[in-house]
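Some notes on the structure that comes next.
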Amino acid sequence: MSTQTTTQTRVEPEAGQSAAVTYTPAAESIGAVLTPGERPKRPSPAAASTAFGWRAMLKIKHVPEQLFDVTAFPIMMVLMFTYLFGGALAGSTQEYLQFLLPGILVTSVVMTTMYTGVAVNTDIAKGIFDRFRTLPVWRPAAMVGYLLGDVLRYVLASITMIVVGLIMGFRPAGGVVGVVAGVGLLVAFAFAFSWIWTMFGLLLRSEKSVMGVSMMVLFPLTFLSNVFVDPSTMPGWLQVFVDASPVTHLVSAVRGLMAGAPAAGEVAWVLVAGAVIMAVFGTLTMRLYNRR
């Protein structure tokens with residue numbers, strides 16, 4: 001049995017006071033108190049990322065009104081465009097709905113991706129982000145956690161849109177399998193696309209700047225695409241931009257899967273584009289994260 005020693009110091013009392021004895025514990029005693037058991041293992045990358053993702057979901061639980069953009073906004077979009085432009089563009093609101101809903105679904109989810117950057121920038125402003133960096137966990141875990149939390153938002157937006165569409169008369173020829181495949185492809189691309197806004201969340205100084213830059217990019221990408229009309233009706237110079245837009249390829253892929261006629265080329269294009277975006281902007285994001 002090992003013995004632990006302490007240092008005893010006697011302090012001479014002043015006149016009229018009793019003697020005082022102070023004890024200074026030895027280093028071995030302090031170590032035994034502070035580390036009574038085995039040191040816990042460092043969490044794995046998956047465990048750390050999941051913990052940060054769960055934090056993002058808890059924020060939604062405690063502030064449910066932030067889901068307004070993935071519930072009320074998509075409903076308003078599909079109702080407004082279907083009944084305002086359906087008769088003029090397709091001759092029938094029901095026919096136009098079959099064409100429009102996959103595009104509106106893509107638009108709603110892609111525009112929601114900007115909130116990842118806003119959340120990152122907000123945590124930086126509050127000082128929470130600096131605390132994350134001091135934790136002994138996998139370095140990208142905090143960034144991946146933001147994205148995992150936003151996946152829930154993408155899924156909720158997709159479910160909301162599809163339910164409203166079915167009530168309005170949307171009938172996907174691809175059935176349940178086609179709808180699930182289309183939503184899965186959309187969520188996967190949105191996860192990759194969100195890395196762009198995490199970079200801007202680290203780079204820009206305020207959340208208003210993040211929203212301003214993201215909207216400046218997202219509005220042309222979503223509205224100058226095949227979401228609302230067939231690109232063949234556009235001027236030739238505009239078709240060049242529309243055909244090169246990633247949103248156009250994403251809409252074509254999702255629309256084909258839901259219609260039961262998947263376009264393998266478009267699906268492959270979306271998957272490759274998502275991988276490239278995540279590789280490029282994920283790397284840039286982590287470099288900015290490590291240098292802050």
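One is the number of the first residue; the rest follow in order along the sequence.
Between Arg55 and Ile128, the closest side-chain pair of non-hydrogen atoms falls below 4.5 Å. When side chains are defined from C-beta on, Leu224 does not count as touching Phe219, because their heavy atoms never get closer than 4.5 Å. Side chains of Ile124 and Val120 form a contact here, defined as non-hydrogen atoms less than 4.5 Å apart. A 4.5 Å side-chain heavy-atom check between Glu266 and Val251 finds every atom pair outside the cut-off. For the pair Tyr154 and Leu186, the minimum side-chain heavy-atom distance is 4.5 Å or more.
Side-chain atoms of Gln239 come within 3.5 Å of backbone atoms of Met234 as a donor-acceptor pair (strictly under, hydrogens ignored). Between the side chain of Gln98 and the backbone N or O of Gly169, at least one donor-acceptor pair lies under 3.5 Å. Between the side chain of His249 and the main chain of Asp243, a donor-acceptor pair closer than 3.5 Å is present.
No side-chain N or O of Ser225 forms a donor-acceptor pair with one of Ser245 less than 3.5 Å apart.
Of all non-hydrogen atoms in Ala273 and Phe189, the two that sit nearest each other are CB-CE1, 4.4 Å.
With rounding to the nearest 0.5 angstrom, the CG atom of Leu250 is 11.0 Å from the CG atom of Leu221.
Ring orientation note: the planes of Phe193 and Trp197 are nearly perpendicular, at an angle over 60° on the 30°/60° scale. Ring geometry, Phe228 versus Phe223: the interplanar angle falls under 30°, so the pair is classed parallel (tilted spans 30 to 60°).
Within a 6.0 Å radius of CZ in Arg171, other residues, nucleotides and ligands contribute more than 12 heavy atoms. Residue Arg131 qualifies as open at atom CZ: its count of foreign heavy atoms under 6.0 Å is 12 or below. For Phe73, the CZ atom counts as loosely surrounded, since its 6.0 Å shell holds 12 or fewer non-hydrogen atoms of other residues, nucleotides or ligands.
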Original post:
Could you go step by step and tell me if Trp138 and Val144 meet the side-chain contact (heavy atoms from CB on, under 4.5 Å) rule?
Top reply: CA-CA 10 Å; Trp138 184 52; Val144 175; 4.1 Å; yes

